[in-house]
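Proteins come first, then strands; the chains are lettered A, B, ... in the order of their sequence lines, and each starts at number 1. Side-chain atoms are counted along with the backbone in the values below, which use heavy atoms only and exclude waters and symmetry mates. Values in this document were obtained by computation on a predicted structure and should not be read as measured data.
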Number of protein chains: 2
Amino acid sequence: MAPSSLPEGQPALRPRRLVIAGMEGCTGCAVCEVRARGICSALNDQELEQLARAAVRVTMPPGRVFVEEGAKADAFFNITAGTAKLFKSLPDGRRQITGFVGVGHFLGLAVSDRYAFGAEAIDQVKVCRFSRERLEMVVEEFPRLERRLLSEAANELVAAQEQMLLLGRKTARERVASFLYEQLLDGYGNDIPSGAKLHFPMTRADIADFLGLTVETVSRTLSGLRRDGLLAMGAGHEISVMAPARLQAIAKGEEG
Amino acid sequence: MAPSSLPEGQPALRPRRLVIAGMEGCTGCAVCEVRARGICSALNDQELEQLARAAVRVTMPPGRVFVEEGAKADAFFNITAGTAKLFKSLPDGRRQITGFVGVGHFLGLAVSDRYAFGAEAIDQVKVCRFSRERLEMVVEEFPRLERRLLSEAANELVAAQEQMLLLGRKTARERVASFLYEQLLDGYGNDIPSGAKLHFPMTRADIADFLGLTVETVSRTLSGLRRDGLLAMGAGHEISVMAPARLQAIAKGEEG
DNA sequence: AGACTGCAATGATGTAAATCAACCCACGCA
DNA sequence: TGCGTGGGTTGATTTACATCATTGCAGTCT
C-alpha cells in the first residue's frame, strides 16, 4: 500500500520542508537497523524476507499524525527510527500522552476495528507499515511472532500500571523525577553515573501532557530540582543529573 | 500445588470466619461456570481437560491478598467468581488501584520474574490457579491460547490508556461519572435504561484509590450528582442512574 | 440493650498545582 | 536589521481538591 494512503489528519505542524516518504534506503529486513529489536528479533533471516514482503517503509516529518484517534484500524507500525508520542484527547482539547515510543516499538494493537489512541511523530520518524491482513497472514505463518507480541503487550501493560500510579498518586516533583529517572534507565541501563546527560526530543508541553501537569509546573519543578542540586541545565535543552540516587528516591516517593 | 502455598501477605482483614479453600464443588473445566468466558473459551472440551489437569481451584475470603506486589511471579490466576482489585503502592501507603477484575479475567502476566502489582479479593473470590511452568506447557500445546491471551492483553491496554486519560486530565466529577458509566456498560451493555440500578462490591475508599481521589471527594461528588438529579441513592449502597446519557456526556468531558 | 467498629456523609480550613500574565531567548525570514 | 513565532521561565493570583474534624448509621459482639 502506498504511503499516500496513510491517515493524514491535521497537516504536519511545520509543513515547510518537502515531505519525502517511501522506501528510500531500505534494502530489506535482514540488514535493517532494528533487525535485532522488537518483533523482528523473533524471526530468522529467511522468515524476515517473508515479513519484508508484507511491509512498507515510510518516513514521517516531525508533527505528522500518523495514527488518528478513532480512525479505522487497518495498519500496524514498527518504528525503525525517531520517537513518536501516543495520546488520547478530550473534546475540549485536554490531552493525555500515554507514552513515548522509540526504535523497535510495535504499535497498533486495537480491540475494536478503530484505534483507541492517536500517534504523532516528534522528530523524523521511520516506520515499517503492515496492513492488518498482511500482518495476520505473517503471524499465522510464524506463531513465534505472536509470543513476541504478547511479551511486548505485557511490557506495555506494566508500564501503563506504573503510569497510573504516577498520575493518580504522585506529586509534581515525584512525577518529574520519575520521568527523568525513566529516561536515565533508557539511556544508561542500571548503572547511572553522576552527571549523566539527557537530551529530550519532546517539548515541555509534551512532558506536561505525559505527566498530567501543566508546562508551567514542569518548568518550575525542573527549576526546583536544579536549585536543590539534583540537576544541571546545559546548552540546547540538555540536562545533567548530578544525583541519580536521590532522583530515584524522590521518584519512588521516599522523600517528602 | 496446595492452597497453603499461596502468598499470604498480611492476614485477611476479617479472619473471623474459617477459611475453606480448595477444589470443593469443582467437577472440571468442561462444566465450569466460566467455560464460555476468558481464555477457556478458546479451547474445546477435550483440550479443557488438559487445562484442568494444570489448574488448582482456590477460594479466597474478602480482604485476602493473593498476589503480593514484588513477590516471585510463579502463578497465574483465572477468576471464576467474585471481584478482586489490582493495585500498586508507594512506600508511605499511597495506593493506586489499577483495575477491578471480575469473572473470566486472566491475571498474572509479568515482565520480569516478579509481580509488578498486588491483588486483593473484594468479596469471596474463586480462582483457577496455574503454576507458571504448567501454564507454559499448556500454551505450548495449544497456541490458540496465546492468541487469546494477546487479545486479553490488548483489551487491558486500551482500558489502561483510558484510565491514564482519566487520572491525568479529568475533573473529579468527570472521573466519578466515568466510573459509574463504565459500571453501567458492564451491567447493561450498550442499551442503558433510565433508572438503571448499580450495586458495588467495593468501598468508597477503593473507588477513591481507583479514581485518584480521596473518599471525601468521591462522597461529595456523588452527592453533587444526586443533587443534580442524575443519580438516586437506594438502600444498601445501591445507586440508580436517572440520566445515563447526561452521565456519559460528563464522563466524556462534554459538560462544564 | 449498650458498646464497639467499619463505612459513609458533610463542614471548615489548607494547599499544591492551575490559571493568568509577563517576559526572555533563539530562530527563520523579509 | 528588525520582526514574528515557538518554545521556555518566572511571578501573582485563583481554585479544585486534600486534609482535618465531626457526626450518623448499620452490623455484630458481649
J.: Parallel, tilted or perpendicular: which one describes the rings of Phe179(A) and Phe200(A), with boundaries at 30° and 60°?
T.: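 Parallel, since the angle between the ring planes stays under 30°.
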J.: Report the distance from atom CG of Leu166(B) to atom P of dC17(D), rounded to the nearest whole Å.
T.: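 Computing the Leu166(B):CG to dC17(D):P distance gives 12 Å.
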J.: Out of dT9(D), dA17(C), dT10(C), which has the shortest distance to the side chain of Arg204(A)?
T.: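 Minimum distance to the Arg204(A) side chain belongs to dT9(D).
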J.: Looking at dG7(D), I'd like to know if its phosphate oxygens (OP1 or OP2) sit under 4.0 Å from a side-chain N or O belonging to His237(A).
T.: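 No, outside the criterion.
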J.: In whole Å, what is the span from the CG atom of Leu167(A) to the P atom of dA18(C)?
T.: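 After rounding, the gap between these two atoms is 12 Å.
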J.: Atom NE2 in His105(B), atom CD in Glu156(B): separation rounded to 0.5 Å?
T.: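 One finds 3.5 Å between NE2 of His105(B) and CD of Glu156(B).
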J.: Identify whether any heavy atom of Arg226(A) sits under 4.0 Å from a base atom; if not, whether one sits that close to sugar-phosphate; answer base, sugar-phosphate or nothing.
T.: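 If one applies the 4.0 Å heavy-atom cut-off, Arg226(A) turns out to touch the sugar-phosphate alone, with no base involved.
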J.: Looking at residues at least two apart in the chain, or sitting in another chain, which of them share a salt bridge (Lys or Arg N to Asp or Glu O under 4.0 Å) with Asp92(B)?
T.: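 If we apply the salt bridge (Lys or Arg N to Asp or Glu O under 4.0 Å) test to Asp92(B), skipping adjacent residues, the hits are Arg94(B).
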J.: Round to a whole Å and report the spacing from CE of Met233(B) to P of dA26(D).
T.: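 For the pair Met233(B) CE and dA26(D) P, the rounded distance is 16 Å.
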J.: If only atom types and distance count, is the side chain of Arg95(B) paired as donor or acceptor with the main-chain N or O of Ser89(B) below 3.5 Å?
T.: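 The answer is no, because no donor-acceptor pair under 3.5 Å joins these two groups.
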J.: Rounded to the nearest Å, what distance is computed from the NZ atom of residue Lys170(A) to the P atom of nucleotide dA18(D)?
T.: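 Roughly 18 Å, once rounded to whole Å.
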J.: Mind calculating the distance between CD (Glu238(B)) and C1' (dA8(C)) to the nearest angstrom?
T.: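 It is 17 Å, rounded to the nearest whole Å.
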J.: Does any residue of residues 210-222 of chain A have a heavy atom under 4.0 Å from DNA chain C, and if so, which ones, in number order?
T.: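 When residues 210-222 of chain A is checked for heavy atoms under 4.0 Å from DNA chain C, the hits, listed by number, are Gly212(A), Leu213(A), Thr214(A), Glu216(A), Thr217(A), Arg220(A).
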J.: Taking CZ from Arg169(A) and P from dA17(C), how many angstroms apart are they, rounded to a whole number?
T.: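 Nearest whole value for this atom pair: 13 Å.
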J.: Figure out the CZ/P separation between Arg227(B) and dA9(C), and round it to whole Å.
T.: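 Rounding to the nearest Å, CZ of Arg227(B) and P of dA9(C) are 12 Å apart.
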J.: If you take all heavy atoms of Met164(A) and Gln96(B), which pair is closest and at what distance?
T.: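 For Met164(A) versus Gln96(B), the nearest heavy atoms are O-CG, 3.6 Å.
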J.: To the nearest 0.5 Å, what is the distance between CE (Met242(A)) and CZ (Arg226(A))?
T.: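 If we round to the nearest 0.5 Å, Met242(A):CE and Arg226(A):CZ are 13.0 Å apart.
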J.: Any idea how Phe76(A) and Phe106(A) line up, ring-wise: parallel (<30°), tilted (30 to 60°), or perpendicular (>60°)?
T.: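 Aromatic pair Phe76(A)/Phe106(A) classed parallel.
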J.: How many whole angstroms separate atom CG of Asp92(B) from atom P of dT19(D)?
T.: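 These atoms are roughly 10 Å apart.
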